[in-house]
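Below is one structure; the comments refer to it alone.
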Amino acid sequence: MASERSDATDGDTTALALKILVAGGFGVGKTTLVGAVSEIRPLRTEELLSEAGQLVDDTDGIDRKVTTTVAMDFGRITIRSGLSLYLFGTPGQDRFWFLWDELAQGALGAVVLADTRRLADCFPAVDYFEHRHIPFVVAVNCFTGARRHDEHSVLSALDLDPGTPVVLCDARDRDSGKEVLIRLVEYAGRMHTARLLDSVR
């Protein structure tokens, strides 16, 4: 579990900063989620979609999308006193996946955003974190007009390991996004503790 500790101004308490990835398919709402929850002005590396990009990026169902992340998004949120999360939003297109290994270094866990209209788009992110044993939660971004599915249906459709949290959210809403992050921190904490105990048995 990677973290960064620094002396705080209020006595002997230390600040803990954890690295979290926000991943998922193209146009699923990663930039929106990071921007909604960040307490600082988020760093964005967005560019306008080009005609060349439209030949390789599947925009079916997200016709109004006009920009795309080409490196990462970055934001920060304080969950409670002494605990902050550094959020790194990954690019969604296949041609930018070479950046994922660098971004994943030292991450406590990840949020995999899913769109039920394009559920298959989140399979690569799920596979990526499963193979690297990085704890993750699946957050279903409930788009207006999209058919609603409950958590169990999504868990089954994605063939997730039992116990993998699936939560419904609105990536535009700060409180909703914060709840997703809290669920991830709790789940990742349990997973890391279990692995630590296994390693000393």
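Worth knowing before you read on, the calculation uses all heavy atoms, side chains too, and leaves out hydrogens, waters and symmetry mates.
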Between the OH atom in Y128 and the CD1 atom in I134, the distance rounded to the nearest 0.5 Å is 5.5 Å

Is there a donor-acceptor contact under 3.5 Å from the side chain of T32 to the main chain of A171? no

Donor-acceptor contact below 3.5 Å, side chain E151 vs main chain P165: no

Do H192 side-chain atoms and Y187 backbone N/O form a donor-acceptor pair below 3.5 Å? no

Just so I know, are the side chains of L181 and I77 near enough to count as touching, which here means a heavy-atom distance under 4.5 Å? yes

Judged by atom type as modelled, is there a donor-acceptor pair below 3.5 Å linking the side chain of W100 to the main-chain atoms of A23? no

Distance under 6.0 Å and angle within 45° of ring axis: R132 vs F129: no

Would a distance-only check, ignoring hydrogens and angles, find a side-chain to backbone donor-acceptor pair under 3.5 Å from S199 to L196? yes

Closest approach of G29 and N141, non-hydrogen atoms and distance? CA-ND2, 4.1 Å

Does any part of the side chain of C122, heavy atoms only, come nearer than 4.5 Å to the side chain of L158, both counted from C-beta? yes

Nearest heavy atoms of L33 and G177, plus distance in Å: CD1-CA, 3.6 Å

Whether T193 side chain and G189 backbone form a donor-acceptor pair below 3.5 Å: yes

Listed partners of F88 passing ring-ring contact (aromatic ring centres under 6.0 Å, His included), at least two apart: F74

With sequence neighbours left out, the residues meeting side chain to side chain contact (heavy atoms under 4.5 Å, CB included) with A139 are V111, L113, V167, C169, V180

When you look at D73 and V22, which way does the side-chain contact (heavy atoms from CB on, under 4.5 Å) test go after all the steps? CA-CA 9 Å; D73 300 309; V22 180; over 6 Å; no

Neighbour count >12 (heavy atoms, 6.0 Å) for atom CG, D159: no

If Ile, Leu, Val, Met, Phe, Trp and Tyr residues are connected whenever their side-chain heavy atoms lie under 4.5 Å apart, and connections chain through other members, are M191 and L197 in the same group? no

Tightest non-hydrogen contact, residues T90 and G24, listed as OG1-N, 4.4 Å

Provide the full list of side-chain hydrogen bond (donor to acceptor under 3.5 Å, both in side chains) pairs with a residue in residues 174-186, sequence neighbours left out, each pair given once. none

Got a donor-acceptor contact below 3.5 angstrom from the D115 side chain to the V28 backbone? no

S38 side chain to I40 main-chain N or O, any donor-acceptor pair under 3.5 Å? yes

I'd like to know if the side chain of K30 reaches the main chain of V112, judged simply by a donor and an acceptor atom lying under 3.5 Å from each other, with no hydrogens or angles considered. no

With side-chain contact (heavy atoms from CB on, under 4.5 Å) as the test, would you mind laying out the steps for I79 and L85 before giving the verdict? CA-CA 7 Å; I79 296 296; L85 305 181; 3.6 Å; yes

For K19 and E102, the nearest pair of non-hydrogen atoms, with its separation, is NZ-O, 3.9 Å

Regarding D150 and S153, do their side chains bring together a donor and an acceptor under 3.5 Å, going by distance alone? yes

Grab the two heavy atoms, one from L21 and one from L103, that are nearest each other, plus how far apart they are. CD2-O, 3.3 Å

So which atom in L155 and which in T164 form the shortest heavy-atom distance, rounded to 0.1 Å? CD1-O, 3.5 Å

